[in-house]
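These notes are about the structure you will find just below.
In what follows, every chain begins at residue 1, and chains take the letters A, B, ... in the order their sequences are listed. Predicted model, so just to flag it, every value in this text is computed and none were measured.
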Amino acid sequence: MGRIINIIKDFSLVGKISLIALVIILIIAIFAPYLSKYPHDKPVASPLKSPTKEHILGTDDLGIDLWAQIIHGARISLIVGLGTALIAGVGGSTIGILAGYFGGFIDKFLMRLADVMIVLPELPTMIVLGVFFGSSIYNIIIVLSLFSWIKPARIVRSKTLSIKEENFIKIAQIYGAKFHYITIKHIMPYIFPLILISFIKLINRAIIAEASLSFLGLGDPTSKSWGLILNYAINFSGIYFTPYWKWWVLSPLIAITITVVSIAIIGREFEKIFKLKI
Amino acid sequence: MGNTLLKVEGLKVNYFSENGKIEAIKEVSFNVKKGETIGIIGESGSGKTSIAMAITGLLENNAEVKGKIIYEGVNLLDLKEEEINNYRWNKIAIVFQNRLDVLNPVLTIKEQITEVIIRHNNLCKDEVYKKVRNLFESIGLSKDWLNRYPHELSGGMRQKVLIAMALACEPDLLIVDEPTSSLDADSRSEIINLLKGIQNSNRKFSMIVVSHDLTLIKELTFKVLVLYSGHILEEGITREVIKNPLHPYTRGLLNSSPELNPYQDLWGIPISLKEEKGKGCPFYQRCNQARIECSEQVPKLKNLSLERKVACNRGGILTILEAKGICKKFTYKNRVIKACDNCNIDIKSGEIVALVGQSGSGKTTLANIISGFSKADNGEVVFDGNKIENFKEIRKLNGLQIIFQDPFSSINPNFTIEEAIREPLDILKIETKDLRKEKVKKILTDVQLPVEQSFVKKKCMELSGGQRQRVAIARGLIMEPKILIADEICSMLDPSTKANMLRLLKELQNKKGFSMLYITHDLNIARKISDRVFVMYNGNLVESGNAYEIFNKPKCNYTKKLIQKGFMKAL
């Protein structure tokens, strides 16, 4: 942890601002029920109200408060992002280390599996799987994870392959060190930056993917994410002929953009500090 | 018995002082044949002079002598004081250690010599003078010096006078105690030649030379006894003993002599390697190959070969590692490269062996096979009596350790210094965590790195190359190896760091007593540190032997060429 704090101290101004933005979004997501007087799933006012003091972002066509929807949507987006990144990052890294360290059959098997996943067209498969499994938020996380582990796995594998040839690892092996010891003591410190950056990028990827799926109407209709709000807004016929788009379309769009951009900038900062490019 | 002049059997000398009994000589036996010269060597305090004094019966009253000293069938120890006087000076004479107080300062040289002659012979005055003059001639001093006082003479002259005095009564046995210890090189060789000359020209008298000067012993004696705290540890023909010592103590003595090691750094025998003294082998505390039984059992002087006796529980210097008939081939695009072709290497305990040869000669392949990294096609490596397999020897304390050329890749730069050094213990789960930390501290002091927490917690990437190599050495030494294989460990360091590193290694080697196989292409360094050298060329060991001989009198053509090239730059 201390290491990460030290790294954060080295962030540029933009990086720090992004971090603050992300932290604010995180706090908003966590304390969502306390930040809005109105529920996010019930009509509370007349539909299509413009922003007022009562309703900061106005209401949608059903009269549901938009601010409440946005802050609850942050929860969904972040849960999907973090959940996917965690599963895909940990799983992918483990697969990468195993493949790189042991080589041979294990390596071949895991890497062919990765090849298969790469060949599959992502969005169509996701749509099919989404339809097939039904669109609960957990299914979305699993489906997204299934497509996201390949990149970290490949990066980690190639790094593991190169470190494995280092003399100090060979010496440790001579002294009788096993996979467990070598991974934790020798390999982890080297691939930690890679995993961290992959993790950040995976969050972004998942948030965007979830938004896209929802936007296409394949998201979970009961959990209103930013993509789904956007989907509803766009589907409101003739929205661009009315002034409603200014808050109904823009607010989820800006929320997504801020989150994604700040995460991307943080990822870029880490890359710069670790002198890595993924 | 025939030609045995003096026979010493079970000689014991004890001194009594206020602090109790001191056993100076414990059970020493040896023979001196007629006309033979034997040497007694040993560090000061080993009892050399006590033996000389016991034979001449000149020990003070506080000494007790036991055993037998048989001179031509008569036990001198049974004789009364007056009877001994008949033997002393007439039959057995002694040349004392050259000190100013040996000669009487108020008598002239002439008076002192005549005094001896008159005391022991019934000669008239003229005959005495004639004899004195003859004596003076034979020792090569002009007779002008006869009327001088001792303090007017130089050290070398005084030594000659002492020899003349000892020879005055034509003894059959001459005991010479440290004849050259305080002389310059010139007078020293003069004395050596004098003693040699007199012994050859006169009727052959026997001589016992007591000295710690190995050149003197080498020049004068035929047989040699190696004495340590009143025990004879090795006995043999001088030339053989010097060429191939079989007791660690003898080797230590030889290695401390600059005449025999003109190139190497000099390191004395370590004062003590172990804490407790033990009741067994007298050399136990300082011996690099001692085992527990050595602390309990006093070794007996045993014949290892004809004319060669060694007192060691382990049978003399052990061969710690032996590689027999190592062959290794690499096939590369249908071309077969013989990296090692029937290589035999032996490394004795406590010695530094250098393996030299140009790059590509197969040195590293051989080292890898010896340490167990790669498998040989043929042949076997035996370590301390066991065949080396599967890194078994690397994975235990008191085994074999290897240090690599590149300190940057052999240590994880992300590790702290402590972690890096402790790693083998951590992996092998040796000792408890606190003990490991203690050990790290001890080793850090040994390799001359700071032990402060601020340093120990530093990451290895912050260290310089030399410091990292020290950490690598420390990591090897924490396993307390019996043999250390160092593969070009200095080749990536700058000259000053290299010098420090080599001195450090040698010091550690001396202090801890491990053996080392030092692989290098740098002949200057090999000459500086090694006791023995193996020369490798195209996968063959073309020559091996004592470092001094290899570098001065190489026999193989390749070695000659290598040495010529290697030292050309220096000249």
Side-chain angles (χ1 to χ4, degrees), chain A residues 1-10 93 96-97 100-104 155-199 270-276, chain B residues 364 368 370-374 388-397 399-430 436 457 459-461 468-469 471-476 478-479 481 485 487-489 492:
Chain A
M1 248 356 241
R3 199 170 153 199
I4 296 176
I5 290 166
N6 276 333
I7 292 166
I8 289 168
K9 278 185 191 155
D10 290 341
S93 309
I97 291 173
Y101 185 88
F102 288 107
I155 293 167
V156 166
R157 172 183 170 266
S158 62
K159 187 71 187 171
T160 309
L161 274 180
S162 75
I163 311 171
K164 212 184 79 180
E165 293 305 308
E166 292 278 356
N167 269 338
F168 53 80
I169 289 194
K170 286 190 178 157
I171 291 169
Q173 282 171 333
I174 290 165
Y175 285 124
K178 295 283 171 344
F179 170 70
H180 176 73
Y181 173 90
I182 288 183
T183 311
I184 290 178
K185 281 287 205 172
H186 288 284
I187 297 179
M188 274 312 242
Y190 274 92
I191 57 174
F192 172 74
L194 292 174
I195 295 178
L196 187 68
I197 294 169
S198 302
F199 183 76
F270 275 115
E271 283 187 337
K272 227 190 302 181
I273 286 161
F274 291 136
K275 299 193 177 70
L276 283 170
Chain B
T364 299
N368 280 345
I370 289 173
S371 48
F373 277 90
S374 40
I388 291 194
E389 279 169 325
N390 299 334
F391 310 124
K392 208 172 63 200
E393 304 303 334
I394 295 184
R395 288 182 192 169
K396 67 177 196 192
L397 291 177
L400 175 152
Q401 292 295 322
I402 182 159
I403 301 170
F404 295 91
Q405 177 175 12
D406 180 6
F408 292 95
S409 74
S410 64
I411 290 177
N412 189 335
N414 281 324
F415 271 32
T416 64
I417 291 163
E418 192 186 5
E419 281 176 319
I421 297 177
R422 217 178 48 194
E423 192 176 23
L425 300 182
D426 282 345
I427 293 173
L428 296 166
K429 302 202 170 59
I430 297 168
R436 287 180 207 162
K457 294 280 175 221
K459 286 265 162 75
C460 289
M461 60 181 133
R468 278 209 212 183
Q469 196 61 287
V471 171
I473 292 174
R475 181 177 56 185
I478 204 160
M479 299 290 284
I485 297 177
D487 189 356
E488 298 270 18
I489 58 167
M492 292 179 81

**Study point:** Partner residues of B:D487 under the salt bridge (charged side-chain N to carboxylate O under 4.0 Å, His left out) criterion, sequence neighbours left out
**Key:**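 Per chain and number, B:D487 pairs via salt bridge (charged side-chain N to carboxylate O under 4.0 Å, His left out) with no residue.
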
Taking atom CE of A:M188 as the centre, does the number of heavy atoms from other residues, nucleotides or ligands within less than 6.0 Å exceed 12?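 12 or below, so no.
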
So, the part of A:I171 with a heavy atom under 4.5 Å from chain B: the answer is side chain

- Against chain B, label A:E165 side chain, backbone, both or neither, depending on which of its atoms sit under 4.5 Å from a heavy atom there.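 Nothing of A:E165, per the 4.5 Å heavy-atom cut-off to chain B.
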
Can you name the nearest heavy-atom pair linking [X] to [Y], along with the distance?
{"X": "B:S409", "Y": "A:N167", "answer": "OG-ND2, 3.0 Å"}
{"X": "A:F168", "Y": "B:S410", "answer": "CB-O, 3.4 Å"}
{"X": "B:E423", "Y": "A:A172", "answer": "OE2-CB, 3.6 Å"}

- Taking side chain as C-beta onward, heavy atoms only, is B:D426 less than 4.5 Å from A:Y175? no

**Item:** Ion pair check, A:K185 and B:E419, cut-off under 4.0 Å
**Value:**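 Salt bridge present between A:K185 and B:E419.
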
So, the part of B:I394 with a heavy atom under 4.5 Å from chain A: the answer is both

(message) If I measure from the heavy atoms of chain A, does B:Q401 come under 4.5 Å with its side chain, its backbone, both, or neither?
(response)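 Side chain of B:Q401 only, per the 4.5 Å heavy-atom cut-off to chain A.
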
To the nearest 0.5 Å, atom CD1 of A:I187 lies from atom CG of B:N412 at 10.5 Å

